[in-house]
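For reference, the structure discussed in these notes is given below.
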Amino acid sequence: MQTPEQIFEELFIDMNKSGLWSDAKAIADAIPTSPPRAILESYIIEKKQADFDLWAFANLHFEFQQAGESGFKSDTSKSPQAHIETLWEVLQRKADEPQEGSSLIPLQHPYIVPGGRFNEIYYWDSYFTMLGLQVSNRTDLIEGMVKNFAYLISEVGYIPNGNRTYFIGRSQPPFFALMVSLLAKQLGDKIYADYLIPLEKEYTFWMNEQHDLSRNKKALSRVVRVNNGVLNRYWDDSDSPRPEMYINDLETAEATDREPKQLFRDLRAACESGWDFSSRWLRNPQDLSTIHTSEIMPIDLNCLLYFLEITLAKANRQAGNTGKRRQYDSKVNIRKNLILEYFWNEENGFFMDYDFVKKAHKDV
């Protein structure tokens, strides 16, 4: 799956650097109206002309999504619950049709989007949406969204930040196990065995490279070697500016003397956390350029993976896999002890993020 930057190359970069678009996401989400290669070839030729107009060229060759075009008007006489019930249909998207050159990763079942400028599904946000759907008795939508996430795990190897190609390289807090558990409450515990394969595949994604850790390599990808085991951090496989925030990231890099690739990696890793951006990732809470997400083991991530291990033990028990159930029971106990060892701060009486480079709790 190619990102808009990979597909449109210098055209994408020039559009971002032009200052003509106030929102870089609009560029990343633009839908080409003709074959992408033909658009790029035309651009390379036409931009050499003295009277070339980039704005006119882009609007000729792309459709730009405008935020807030649903036409929805709130009825303030309705209760909050009635308002939300009305919004489900406004925010629902049908199964997607593939479009060449579009950054949207097509999904096979209807889903709910946040709305406004966000016209794609987001991973961890969707769990909280599902809690609302549960109250609305929309098990059909919950099941469709869980199936969409299982499909993404199958196709991509994990659930991306959202169903956009420019989110490839990072995930978000691993809430899939909680989604499956929510669906099991509606449809019965057989659901656990039904989703065993995607649950295991997501776990493999988060624990990838754990066997390559050593005294000289204490952190790789999303795993960190600690005493008596392995814990996790947020990460992104890319170290370049985010396509949806291209100029913003370049400006952040230009304002500091930090090595740009590491800065971009830490910005992206914070996006995988879903807390983009929080002072918990910063050395100086007033300065985004001091972000060092990749040096932090977060308490929430490790608790979510603890729950995933519990869920995998339950799913393997449902599937009759006694040996694997015991393996996950063991992993549950190991992580529980590590969470207590590394994240509990006795003095403050709180669980806190842990800076594994400084070997100290963060002060947030």
What distance separates [X] [atom1] from [Y] [atom2], expressed to the nearest 0.5 Å?
X: Ile191; Y: Leu187; atom1: CD1; atom2: CG; value: 4.5 Å
X: Asp236; Y: Phe264; atom1: CG; atom2: CZ; value: 12.5 Å
X: Leu60; Y: Phe62; atom1: CG; atom2: CZ; value: 10.0 Å
X: Asp75; Y: Phe72; atom1: CG; atom2: CZ; value: 8.0 Å
X: Arg280; Y: Ile299; atom1: CZ; atom2: CD1; value: 9.0 Å
X: Leu152; Y: Leu107; atom1: CG; atom2: CG; value: 5.5 Å

Ignoring hydrogens and geometry, is there a side-chain-to-backbone donor-acceptor pair from [X] to [Y] under 3.5 Å?
X: Glu272; Y: Ser171; answer: yes
X: Arg326; Y: Asn321; answer: no
X: Thr293; Y: Asp266; answer: yes
X: Thr165; Y: Gln2; answer: yes
X: Lys362; Y: Leu282; answer: yes
X: Ser103; Y: Ala28; answer: yes
X: Ser79; Y: Ala82; answer: yes
X: Asn163; Y: Leu104; answer: no
X: Gln6; Y: Thr3; answer: yes
X: Ser18; Y: Leu20; answer: yes

> Does the side chain to side chain donor-acceptor pair (under 3.5 Å) test come out yes or no for Asp29 and Tyr166, once each step is laid out?
Replying inline: CA-CA 9 Å; Asp29 293 353; Tyr166 53 76; 2.6 Å; yes
Please answer: with hydrophobic residues joined when any side-chain heavy atoms are less than 4.5 Å apart, are [X] and [Y] in the same cluster?
X: Leu308; Y: Ile339; result: no
X: Tyr122; Y: Leu304; result: no
X: Tyr328; Y: Ile310; result: no
X: Val226; Y: Leu301; result: no
X: Trp124; Y: Met145; result: yes

Where do [X] and [Y] come nearest, in terms of heavy atoms and distance?
X: Ala270; Y: Ile291; answer: CB-CD1, 3.7 Å
X: Ile296; Y: Arg233; answer: O-CB, 3.3 Å
X: Ser273; Y: Pro173; answer: O-CG, 3.0 Å
X: Leu338; Y: Gly229; answer: CD1-CA, 3.9 Å
X: Pro160; Y: Ile168; answer: CG-CD1, 4.1 Å
X: Arg225; Y: Ser214; answer: CD-O, 3.5 Å

>> Can you confirm whether or not the ring centre of Phe343 sits under 6.0 Å from the ring centre of Phe351?
In response: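 For Phe343 and Phe351, the ring centres are not under 6.0 Å apart.
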> With ring centroids as reference points, do Phe128 and Phe175 lie under 6.0 angstrom apart?
Replying inline: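 Under 6.0 Å, so yes.
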Is the shortest side-chain heavy-atom distance between [X] and [Y] below 4.5 Å?
X: Leu267; Y: Phe277; answer: yes
X: Trp281; Y: Pro298; answer: yes
X: Phe57; Y: His61; answer: yes
X: Leu312; Y: Lys324; answer: no
X: Leu141; Y: Met130; answer: no

Using a strict 4.0 Å threshold on nitrogen-to-oxygen distance, state whether [X] and [Y] make a salt bridge.
X: Arg164; Y: Glu244; answer: no
X: Asp355; Y: Lys359; answer: no
X: Glu89; Y: Arg138; answer: yes

Going by atom type alone, with no hydrogens or angles, which donor-acceptor pairs under 3.5 Å involve a side-chain atom of residues 35-50 and a protein atom two or more places apart or on another chain?
residue : atom : partner : partner atom : Å
Ser42   : OG   : Ala38   : O            : 3.0
Tyr43   : OH   : Asp14   : OD2          : 2.6
Lys47   : NZ   : Glu10   : OE2          : 2.6

> Name the one of Lys218, Arg283, Arg265 that satisfies salt bridge (Lys or Arg N to Asp or Glu O under 4.0 Å) with Glu295?
Replying inline: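 Running salt bridge (Lys or Arg N to Asp or Glu O under 4.0 Å) over Lys218, Arg283, Arg265 with Glu295 returns exactly one hit, Arg283.
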Between [X] and [Y], is any side-chain donor less than 3.5 angstrom from a side-chain acceptor?
X: Asn208; Y: Arg222; result: no
X: Asn148; Y: His109; result: no
X: Ser154; Y: Lys201; result: no
X: Gln210; Y: Ser221; result: no
X: Asn161; Y: Arg268; result: no
X: Arg170; Y: Ser238; result: no

>> Using side-chain contact (heavy atoms from CB on, under 4.5 Å), reason through Ile334 and Asn228 one step at a time and then give a plain yes or no.
In response: CA-CA 8 Å; Ile334 291 170; Asn228 305 317; over 6 Å; no
>> Is the ring pair Trp21/Trp55 parallel, tilted or perpendicular, if the boundaries are 30 and 60 degrees?
In response: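 Tilted.
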>> Please evaluate residues Lys25 and Glu120 with respect to the criterion salt bridge (Lys or Arg N to Asp or Glu O under 4.0 Å), reporting the C-alpha separation (whole Å), side-chain torsions for both, the decisive distance (0.1 Å), and the verdict.
In response: CA-CA 12 Å; Lys25 192 176 187 302; Glu120 54 279 311; 2.9 Å; yes
>> According to ring-ring contact (aromatic ring centres under 6.0 Å, His included), does anything in residues 292-316 pair up with another residue at least two apart or in another chain? List the pairs.
In response: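 Qualifying pairs: none.
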>> Before you tell me yes or no, could you show the steps for Leu54 and Phe52 under side-chain contact (heavy atoms from CB on, under 4.5 Å), namely the whole-Å CA-CA distance, both residues' side-chain angles and the distance that decides it to 0.1 Å?
In response: CA-CA 6 Å; Leu54 179 58; Phe52 178 70; 3.9 Å; yes
> Taking Glu309 as the fixed residue, which of Lys331, Lys314, Arg335 is the one that meets the side-chain hydrogen bond (donor to acceptor under 3.5 Å, both in side chains) rule?
Replying inline: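 Considering Lys331, Lys314, Arg335, a side-chain hydrogen bond (donor to acceptor under 3.5 Å, both in side chains) with Glu309 is found only for Arg335.
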> Would Tyr195 and Phe176 satisfy side-chain contact (heavy atoms from CB on, under 4.5 Å), going step by step from the backbone distance to the final call?
Replying inline: CA-CA 10 Å; Tyr195 287 96; Phe176 185 64; 4.0 Å; yes
>> As a test of understanding, state which of Tyr123, Tyr111, Tyr158 forms a ring pair (Phe, Tyr, Trp, His ring centres under 6.0 Å) with Phe149.
In response: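 The ring pair (Phe, Tyr, Trp, His ring centres under 6.0 Å) with Phe149 is passed solely by Tyr123 among Tyr123, Tyr111, Tyr158.
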> Do you know which of Leu178, Leu182, Ile142 makes side-chain contact (heavy atoms from CB on, under 4.5 Å) with Leu131?
Replying inline: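 One option only clears the test, and that one is Leu182.
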